[in-house]
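Below you'll find the structure, written out as structure tokens, and then a few comments.
First the proteins, then the strands, lettered A, B, ... as listed; each starts at 1. Model, not experiment: these values are computed from the prediction.
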There are 2 protein chains.
Amino acid sequence: MKPGHPHATEDCRAVSEVLQRIGDKWSLLVVRRLGDGPLRFNELRAAVGGISQKMLTTTLRTLERDGFVTRTVFPTIPPRVDYELTELGRELEVPVKGLAEWAIANMARISEARRRFDTSTAA
Amino acid sequence: MKPGHPHATEDCRAVSEVLQRIGDKWSLLVVRRLGDGPLRFNELRAAVGGISQKMLTTTLRTLERDGFVTRTVFPTIPPRVDYELTELGRELEVPVKGLAEWAIANMARISEARRRFDTSTAA
DNA sequence: CGGGATCCGTTGGGATACTG
DNA sequence: CAGTATCCCAACGGATCCCG
């Protein structure tokens, strides 16, 4: 995708879809936590913080479906389930980290723009 | 929290928020189109394709609020409104392009993982 | 031409209760 | 412990009508 190249519409859609997938409320937080190593369900729940059990389940299922995370069940009592990033999941962290750094570096500018917009439209 | 891997929780949240902002259904598509230069409302509507007038309006308003886009009104009859990327908007394209290239390069792997997951759970 | 206002179906996501 | 099932609300997003 060179600069000046007429980027195909389907590619833009594809990017947008991926972005929507990992751009939901919890996926990125979960992936980030698993980036430090495998975790059990409730460990992950505590590590992420503020996520409901329902959303953690659905988030993990979707991440598993898309091949970012593996789910390993140990048939013990009580049961134990480990979640771990796949190779694809770890590779995803690279471009995401790029966006992360940009976001951290620029969130002040965004907040500032937002504040300016809000005060100007309040008139 | 591991030493040597100092991503604070607030930073993760911040990234997640930015990702959700541009990870909605249309923002990225709009930004991509404006990346080729300023466009009028209906030009943009046609260029993006499939977006409703309401969503284009709200998407542009939010992008404007966050400082990614400028809105210029020409007080003519009929009215003319130009939308253009700001410097911040153009800078955003850099990390997004990184993610874009990753998405395009790996969407086959995602589709494959998804297909495998779906057929295995169908049983 | 570039919206604003409204209605409405769909989806996201939290709270709670129950289960193997 | 690691879920599933259910209810419920709020936000997203499309369709339509109207207006300066």
Side-chain angles (χ1 to χ4, degrees), chain A residues 12-13 16-31 33-34 38-66 69-84 114 117 120-123, chain B residues 12-13 16-31 33-34 38-66 69-84 117 120-121 123:
Chain A
C12 295
R13 304 275 173 188
S16 194
E17 276 175 33
V18 171
L19 215 60
Q20 284 181 67
R21 287 281 310 97
I22 64 171
D24 66 356
K25 193 169 183 180
W26 299 110
S27 291
L28 184 62
L29 285 318
V30 169
V31 169
R33 285 302 172 176
L34 290 179
L39 286 174
R40 300 179 60 174
F41 187 86
N42 279 333
E43 288 174 344
L44 194 49
R45 184 150 151 65
V48 171
I51 187 172
S52 67
Q53 139 273 10
K54 170 189 169 182
M55 284 317 296
L56 182 54
T57 301
T58 64
T59 299
L60 284 169
R61 282 291 181 283
T62 313
L63 289 174
E64 187 193 0
R65 185 171 108 98
D66 289 353
V69 161
T70 56
R71 179 173 180 269
T72 310
V73 182
F74 300 91
T76 58
I77 296 177
R80 172 199 177 109
V81 180
D82 275 21
Y83 291 92
E84 188 173 8
R114 207 173 291 187
F117 183 90
S120 72
T121 50
Chain B
C12 294
R13 302 276 172 189
S16 194
E17 276 175 32
V18 171
L19 215 60
Q20 283 182 68
R21 297 282 311 98
I22 64 170
D24 66 355
K25 193 167 183 182
W26 299 110
S27 290
L28 183 62
L29 284 319
V30 169
V31 169
R33 285 301 172 177
L34 290 178
L39 286 174
R40 300 179 60 174
F41 187 85
N42 279 333
E43 288 175 344
L44 194 49
R45 184 150 152 66
V48 171
I51 187 172
S52 68
Q53 160 270 344
K54 170 188 170 182
M55 284 318 296
L56 182 54
T57 301
T58 64
T59 299
L60 284 168
R61 282 292 181 282
T62 312
L63 289 175
E64 185 193 1
R65 184 170 110 98
D66 289 353
V69 160
T70 58
R71 178 172 181 270
T72 310
V73 181
F74 299 93
T76 58
I77 296 180
R80 171 195 176 113
V81 180
D82 276 20
Y83 291 94
E84 187 172 10
F117 183 89
S120 71
T121 50

Review point. Does the D:dG14 base have a donor-acceptor partner in the side chain of B:Gln53 within less than 3.5 Å?
Key: no

Practice item. Hey, which sits more toward the 5' end of DNA chain D by its nearest nucleotide, A:Asp82 or A:Lys54? Key: A:Asp82

Exercise for review: Would you mind reading off the distance between A:Leu44 atom CG and D:dG3 atom P, rounded to a whole angstrom?
Suggested key: 10 Å

**Study point:** Between D:dG3 (P) and A:Asn42 (CG): distance, integer Å
**Key:** 9 Å

Exercise for review: Let me know the distance between CG of B:Leu60 and C1' of C:dG4, rounded to the nearest Å.
Suggested key: 15 Å

Review point. Closer than 4.0 Å, any side-chain N/O of A:Arg71 to the OP1 or OP2 of D:dA2?
Key: no

Point to revise | Protein-nucleotide distance (B:Leu39, atom CG; C:dC1, atom C1'), rounded to Å | key: 15 Å

Review point. Got B:Val69 and B:Leu34 here, is their nearest side-chain heavy-atom distance under 4.5 Å?
Key: yes

Review point. Atom CE of B:Met55 to atom C1' of C:dG2: distance rounded to whole Å?
Key: 17 Å

Review point. Which comes earlier along DNA chain C counting from the 5' end, the contact point of A:Pro79 or that of A:Ile51, where each point is its nearest nucleotide?
Key: A:Ile51

Review point. Does a side-chain N or O from A:Arg45 land closer than 4.0 Å to OP1 or OP2 of D:dC1, or not?
Key: no

Check your understanding: Whole Å only: how far is the CZ atom of A:Phe74 from the C1' atom of D:dA2?
Key -> 14 Å

Point to revise | Nearest-neighbour nucleotide for the A:Phe41 side chain, C:dG3, C:dG14, D:dG3 considered | key: D:dG3

